[in-house]
Protein chains: 2
Amino acid sequence: MDDHDGPQDSGLLKGNLNLRLHSSLARELGRRILSGEFPPGHLFPGEIEFSHQLDLSRSALREAFRILSAKGLVESRPKAGTRVTDPARWSRLDPDVLAWQFASEPSPAFLRDLFELRMIVEPAAAAAAAARHTEEQTRQMADALDEMTTHGLSTEQGRAADQRFHSLIIEAARNQLLSTLSSSIMAAVAWTTIFKQRRRALPRDPMPEHRALHTAIVAGDAEAAREAMVVLIDLALADTEISMREDEQAPA
Amino acid sequence: MDDHDGPQDSGLLKGNLNLRLHSSLARELGRRILSGEFPPGHLFPGEIEFSHQLDLSRSALREAFRILSAKGLVESRPKAGTRVTDPARWSRLDPDVLAWQFASEPSPAFLRDLFELRMIVEPAAAAAAAARHTEEQTRQMADALDEMTTHGLSTEQGRAADQRFHSLIIEAARNQLLSTLSSSIMAAVAWTTIFKQRRRALPRDPMPEHRALHTAIVAGDAEAAREAMVVLIDLALADTEISMREDEQAPA
DNA sequence: GAAGATATATTGTATAACGTATTGAGCCGT
DNA sequence: ACGGCTCAATACGTTATACAATATATCTTC
């Protein structure tokens with residue numbers, strides 16, 4: 001195996017991208033846990049030995065473990081050591097965990113689960129927004145849609161306006177738990193968009209459907225808003241499926 | 001202000017209940033953040049001074065801050081210090097955060113949000129379970145229902161069987177993101193149950209509705225399963241509302 | 001062979017020192 | 001008087017070391 005005669009990364013070089021040491025280490029370990037490189041039940045080396053392998057202090061390692069533990073990915077017990085927990089206990093909807101998931105290319109099964117959850121949550125949020133929105137919120141939604149139209153979804157600015165539009169819908173639903181959930185989902189969707197647009201531009205312009213959703217919310221028509229959101233997600237799903245089929249045909 | 005002539009808890013004695021020091025400290029700070037005692041934007045004392053006030057080491061304090069930071073409750077920056085973040089960034093669906101929320105009595109608004117979320121997620125999960133369940137899963141559901149009938153919901157064993165029944169439904173839905181979300185929701189529901197049963201027993205036996213849900217799932221009837229779950233949640237909501245009205249009439 | 005005491009390895013906690021980045025005040029120039 | 005720049009103080013970030021607590025494993029004893 002490894003010759004253990006000095007500090008070595010042993011393949012675990014922390015991808016230090018302007019982050020704090022414990023954060024980037026947590027990110028790297030989290031990524032490897034989610035990718036399956038460290039499977040559930042995997043036992044890490046002792047803190048002292050592991051910190052020497054990674055060439056950092058035990059404190060930094062412990063703080064990284066605390067972060068991962070807070071997200072349910074690992075569990076530390078005296079004498080027993082620190083090991084990867086059962087996936088059922090992972091906080092898969094945590095923003096960081098989602099980001100780590102997308103650090104490696106996500107599996108088709110994960111994307112299926114993600115779109116199924118979107119189809120459950122977002123139409124309901126749209127319906128609630130139709131019932132509870134304020135005039136100020138619908139006005140800002142209109143502004144966001146205008147900006148989307150102006151810049152298009154192929155630009156960074158256009159995508160930001162898209163995100164703002166959906167954020168406003170969530171906010172208008174007036175449910176803090178729903179907001180937390182939706183912001184996590186939207187973060188994940190943003191990641192899929194990055195993957196989706198890797199090779200080509202969007203196949204078609206989804207602006208008419210966005211306008212329809214906005215109209216339904218302004219009118220206070222909960223059912224129409226629900227259905228309009230279903231249509232939007234169906235469009236996104238179709239795009240993603242096309243993109244994935246292209247991945248199969250032309251991998252790497 | 002405080003006279004700062006020695007180690008003092010300054011009101012922040014860590015409720016040390018068989019937990020590690022950093023965990024119980026994170027719990028205590030998290031509870032106070034969620035209760036509003038430390039409002040968004042609140043700046044904590046410097047780590048050295050704060051650790052002296054709390055009469056513990058800086059390491060333990062920092063690890064507690066890392067836990068809270070991982071759940072989005074606080075943010076640390078060099079020179080600027082550690083402060084409570086904006087509530088929009090809190091991981092309100094995190095199991096620990098939910099538990100901290102219920103450490104103080106939850107607000108009616110929170111319960112409203114919780115039941116609204118249940119009404120969105122759980123019927124959809126029941127429908128998915130009807131479509132995707134295995135025979136083994138429905139058999140175990142039947143076992144759980146039998147145990148509920150035997151022991152009743154007033155016993156610890158009966159409530160455990162109830163939880164197992166709902167867990168099996170989630171598992172049968174075969175969606176990892178949905179599982180994560182549902183387990184968080186169920187944890188929150190378990191807390192409300194504790195509050196609910198503080199004063200009196202359940203008003204009536206929900207077993208027939210549980211059986212109806214089980215029958216629908218076994219039959220693979222997604223729509224019937226969805227509707228049966230809606231009925232179950234409506235029952236729970238009615239119970240909780242009754243309990244809360246009693247709280248208003250006889251506070252404390 | 002089972003049950004209890006002991007040994008030991010590993011995490012948990014404490015302390016101290018130094019590095020580093022950010023902030024904000026002060027200075028200088030325009 | 002105002003704006004931009006320099007610089008130092010401050011708080012987090014990181015490292016190192018020592019010791020305490022604890023759970024597991026081993027060994028002993030009945």
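In this text the structure is predicted, and so the values were computed from the model without any measurement. Convention: sequence-line order gives letters A, B, ...; per-chain numbering from 1. Because only heavy atoms are used, hydrogens play no part in the values below, and waters and symmetry mates are left out as well, while side chains stay in.
The pair B/Glu63-B/Arg66 fails the salt-bridge criterion, with no side-chain N (NZ, NE, NH1 or NH2) lying under 4.0 Å from an Asp/Glu carboxylate O.
A straight line from NZ of B/Lys79 to C1' of D/dT14 spans 19 Å, rounded to a whole angstrom. Atom CG of B/Leu19 is separated from atom C1' of D/dA21 by 15 Å (rounded to the nearest Å). Regarding A/Arg62, its CZ atom lies at a distance of 15 Å from the C1' atom of D/dT14, rounded to whole Å. In this structure, CD of A/Glu75 is placed 13 Å from P of C/dT11, rounded to the nearest angstrom. Atom pair B/Glu63:CD and D/dT14:P shows a separation of 13 Å (rounding to whole Å applied). Atom pair A/Leu43:CG and C/dT10:P shows a separation of 9 Å (rounding to whole Å applied). For B/Glu47 and C/dA16, the CD to C1' distance is 15 Å, given to the nearest whole Å. When rounded to the nearest whole Å, the span between CD of B/Glu49 and P of D/dA11 equals 9 Å.
Donor-acceptor pairing under 3.5 Å is recorded for the side chains of A/Thr85 and A/Trp90.
Checked by distance alone, A/Arg58 brings a side-chain donor or acceptor within 3.5 Å of a matching partner on the base of C/dG12. For B/Ser59 against C/dT15, a side-chain N or O and a base N or O form a donor-acceptor pair under 3.5 Å. If you check distances only, the side chain of B/Arg77 never reaches the base of D/dG13 with a donor-acceptor pair under 3.5 Å.
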Using a 3.5 Å cut-off and no angle test, enumerate the donor-acceptor pairs between side-chain atoms of residues 74-84 of chain B and protein atoms at least two apart in sequence or in another chain.
from, atom 1, to, atom 2, distance (Å)
B/Ser76, OG, B/Thr82, OG1, 2.7
B/Arg83, NH1, B/Gly41, O, 2.8

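For A/Ser57 and D/dT15, the shortest distance from a side-chain N or O to OP1 or OP2 is below 4.0 Å.
Taking CD1 from A/Ile120 and CZ from A/Arg118, the interatomic distance works out to 12.5 Å, rounded to the nearest 0.5 Å.
Taking both residues in full, the closest heavy atoms of A/Ala60 and A/His22 are given as O-CB, 3.8 Å, listed atom of the first, atom of the second, then distance.
Comparing atom distances between the B/Arg20 side chain and each of C/dG12, D/dG13, D/dT14 picks out C/dG12 as nearest.
Both A/Ala80 and B/Arg66 sit near DNA chain D, but only B/Arg66 has its closest nucleotide nearer the 5' end.
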